[in-house]
Protein chains: 2
Amino acid sequence: MVRRRSGGGRVTQADVARLAGVSQTVVSMVLNGTGITQHRVGDDTRRRVLDAIERTGYVANPIAQRLAGGNSALVGVYTYEPVFPSSAGDFYQPFLEGVEREAQQRGVDLVLFTSMSAHHGGPLVDGGALHRLRVADGCVLLGRHSHAQDLVALASQDFPYAFVGRRAAPGVTVPFAGADYDEATAVVTRQLLELGHRRIGMVSVTPPHESIEDRVRGYRRAMRAAGQLPVTFEDPDLTSGEFFGTLAEHGMTAVLTVSDLAHDVYSAALARGLRVPEDLSIARLGDPEQREPSVVDWAGFTIPRIEMGAEALRIVLRQLSASDPHGDEPDQDLQAFIPCETFTGSTIAAPPTATTRSTTKETSHT
Amino acid sequence: MVRRRSGGGRVTQADVARLAGVSQTVVSMVLNGTGITQHRVGDDTRRRVLDAIERTGYVANPIAQRLAGGNSALVGVYTYEPVFPSSAGDFYQPFLEGVEREAQQRGVDLVLFTSMSAHHGGPLVDGGALHRLRVADGCVLLGRHSHAQDLVALASQDFPYAFVGRRAAPGVTVPFAGADYDEATAVVTRQLLELGHRRIGMVSVTPPHESIEDRVRGYRRAMRAAGQLPVTFEDPDLTSGEFFGTLAEHGMTAVLTVSDLAHDVYSAALARGLRVPEDLSIARLGDPEQREPSVVDWAGFTIPRIEMGAEALRIVLRQLSASDPHGDEPDQDLQAFIPCETFTGSTIAAPPTATTRSTTKETSHT
DNA sequence: CTGAAAGCGCTTACAG
DNA sequence: CTGAAAGCGCTTACAG
């Protein structure tokens, strides 16, 4: 390897150009795919340049590339909380696994915006944080929370980004890679309906979040399609007898529950002397972070976290390549819904009355 | 907020300067601590500049800063394997937690070099990978492996870096934040000696690694100081009776074991009908990744992973600030040994013979 | 097909 | 105390 400069100095395009006997511009053209196409550097010249690159061990300076208007192959990752403490890490880990896998495949490096995580869940727009994102070519954002102000600020920036998980704000199109909670919840609801359940409740939480809204919508859609009345319980008090009392009053034989409350609903049901699924079917709408495997064999669906992360990065990269041939970006490519996998676990079964009745009927026929 | 440019265009120093009625240089000086000291911008001018910055919401472009020779507040993190798959993640997580915590405190962002992790444990020098590190101001490196070629290549680069875990290669001073395995192992060895053990073995693994060497050195030091002969077993075959046979032959009543083999040694001992610690004391030299809590109450020490990560980042940052006032960097600041915490668990006790003998003696005296 | 030139947004000598 | 200028290493029109 011929090193043009000693010490820490890197080899530059100028060095390569000198060695190849061409101008620095040509070196840049040989390196950039678009330039090649447009300017068609001669085969002979290209060979000389390539050879010089080989001999010098030249590697482009991403910083300079970026400043000059090109891409640095640096994609940001903004998390609303620190990533690595295992507490929060358990939440971020699978998403980031997807982002990382995709980043590696696409040959980009990731910038973790740790410096501004001080907010700890607060909105990103506070401070000059938003500007800092531009160190990278684009940015993947993730967190449990959803700050409308960030969505609006980001949308007015002309900077490629994508959320992991659906985000929405009035008047703006927010790019995201979300899970198809709507459809998954509908599928699970239909499963219960097919098992014979008619009155099916849904346990939800406040404050409202896009991911919760999606589940509620899917639930309502499936219930209405079956001619049943959807009934949602928000943040029910599971310790008092009220919740299960209401369930009984309405003759509900099954409940869907958001994942955060699944365990509590299950335990509370057992504590009330209810057998699951004999007396009450419970389906879990999403799996929690996979640290300690649940002893319960849940029916419901899982969240495609890894794929969500990977797709979010792809959406950012897509915007990057789309902005080259300055056309109007098709919005539909900016939003992706990844399907969830549904499971028929052992927490759901045919409703007690239906079973009794059908059994009775069949018996009488025999 | 007065935005000089609309759309995605950022506010630049030139914009601020125009608004403040000064030159762009002055804006830069006001912003840079060193410039202020040297050039002493007038109080009145500074106020006008600061005011303009406030009004425009100006935030420095780190890319330009870096290209111009300044620092970008971007520190790289190179891991020899992908970070986020939970398999490898369990190894990296605590170290990175420390790096992240420190990064947040110091206001720097982290660049994860995912693009070149394709090597999967292989040396970093392959390909132009090493050059790519320069996107950041400096870099923290971590991984299970130790590649001498990387150490040499890095050392000749004049680029700030630090390893998590001690690294050494002939002829070069490698900056690192390591655990003081040497001293910790010596302490544990002394504990056993004080309990009455004389013949103490050490179980180790190949290939040699700095962290293993340190433990062996500490063990040997403590043994020699006590006038005992150190005996190490490398990759012993625990399934055949050989290992425990040799232990018995030499009259060994205690063994130290590197953490990776701790569980195997323990199980194998039990399988041989040995009681721990009654028949054999076993001390573990370091705790494995903390995922599933061990049922065994191990004696030995823990690895200060979080602190190691934090210190590694500090070492990088120290080199950064040291390179400003171009003096010779004192090497001693580049290498840190973090103390380990030792535990007296229930896997060690006084040796069987010693107990018997002392009991006998005392009884005879009564 | 190839080169000279401008410019990205900064920092840092170097002059006033 | 302040400004004009060069330069960091690239990309990308713009001329030949």
Side-chain angles (χ1 to χ4, degrees), chain A residues 4-5 8-18 20-49 53 56 58-74 131 134-135 137 323-326, chain B residues 4-5 8-18 20-49 53 56 58-74 131 134-135 137 323-326:
Chain A
R4 304 255 62 203
R5 297 149 167 240
R10 314 172 37 130
V11 181
T12 71
Q13 283 189 354
D15 296 323
V16 174
R18 211 169 302 137
V22 297
S23 78
Q24 185 246 79
T25 305
V26 174
V27 177
S28 178
M29 307 247 112
V30 170
L31 258 15
N32 294 291
T34 58
I36 297 178
T37 329
Q38 290 165 357
H39 289 77
R40 301 221 352 88
V41 177
D43 273 3
D44 194 60
T45 312
R46 157 166 309 112
R47 241 189 297 280
R48 282 216 310 284
V49 171
I53 288 176
T56 53
Y58 169 80
V59 174
N61 179 342
I63 292 293
Q65 284 182 300
R66 178 109 188 99
L67 186 60
N71 287 148
S72 60
L74 241 33
H131 297 271
R134 288 182 179 273
V135 192
D137 297 338
S323 63
D324 280 340
H326 40 285
Chain B
R4 305 258 59 204
R5 297 148 167 240
R10 314 172 37 130
V11 181
T12 71
Q13 283 189 353
D15 296 323
V16 175
R18 211 169 301 137
V22 296
S23 79
Q24 186 246 78
T25 305
V26 174
V27 178
S28 178
M29 307 247 109
V30 170
L31 258 17
N32 294 291
T34 58
I36 298 179
T37 330
Q38 290 166 356
H39 289 77
R40 299 222 355 89
V41 178
D43 274 1
D44 195 60
T45 312
R46 157 166 310 112
R47 242 187 298 279
R48 282 216 310 285
V49 172
I53 288 176
T56 53
Y58 169 80
V59 174
N61 179 342
I63 293 293
Q65 284 183 300
R66 177 111 189 95
L67 187 60
N71 286 147
S72 60
L74 240 33
H131 297 271
R134 288 182 180 272
V135 191
D137 297 337
S323 63
D324 280 340
H326 40 284

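Proteins come first, then strands; the chains are lettered A, B, ... in the order of their sequence lines, and each starts at number 1.
- Rounding to whole angstrom units, CG of residue Leu67(A) and P of dG7(C) are separated by 14 Å.
- In this entry the distance linking CG of Leu74(A) with P of dC10(D) reads 15 Å, nearest Å.
- With rounding to whole Å, Tyr58(A) atom OH is found 7 Å from dG9(D) atom C1'.
- Note: Arg134(B) CZ to Ile63(A) CD1 = 12.0 Å, rounded to the nearest 0.5 Å.
- The distance from atom CZ of Arg18(A) to atom CG of Asp15(A), rounded to the nearest 0.5 Å, is 5.0 Å.
- For the pair Ser28(B) and dT11(C), the criterion of a side-chain N or O lying under 4.0 Å from OP1 or OP2 is met.
- Gln13(A) CD to Ile53(A) CD1: the interatomic distance, rounded to the nearest 0.5 Å, is 8.0 Å.
- By the 4.5 Å heavy-atom criterion applied to side chains, Leu31(B) and Val27(B) are counted as neighbours.
- Within 4.0 Å (heavy atoms only), Gln13(A) reaches at least one base atom of the nucleic acid.
- Between Arg66(A) atom CZ and dT12(D) atom P the separation is 12 Å, expressed in whole Å.
- With the nearest nucleotide of DNA chain C identified for both Thr45(A) and Gln24(A), Thr45(A) has the one nearer the 5' end.
- Within the 4.5 Å cutoff, the side chain of Val11(A) has heavy atoms near those of the Val16(A) side chain.
- Rounded to whole Å, atom P of dG9(C) lies 11 Å from atom CZ of Arg18(B).
- Under 4.0 angstrom from either OP1 or OP2 of dT2(C) there lies no side-chain N or O belonging to Thr25(A).
- Using a 4.0 Å cut-off, some side-chain N or O of Ser23(B) falls inside it from OP1 or OP2 of dG3(D).
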*Go ahead and write out DNA chain D as dot-bracket, 5' to 3': ( ) for pairs within the strand, [ ] for ones crossing earlier pairs, | when the partner sits on another strand, dots for unpaired; Watson-Crick or G-U wobble, both distances under 3.5 Å.*
|||.||||||||.|||

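- A search for side-chain hydrogen bond (donor to acceptor under 3.5 Å, both in side chains) contacts involving Thr45(A) returns nothing, not counting sequence neighbours.
- Put simply, CG on Asp43(A) is 10 Å from P on dT2(C), counting in whole angstrom units.
- Atom pair Leu31(B):CG and dT2(D):C1' shows a separation of 16 Å (rounding to whole Å applied).
- Between Met29(B) atom CE and dA15(C) atom C1' there is a gap of 13 Å when expressed in whole angstrom units.
- Closest approach of Arg48(A) and Ala20(A) over heavy atoms only: NE-O, 3.0 Å.
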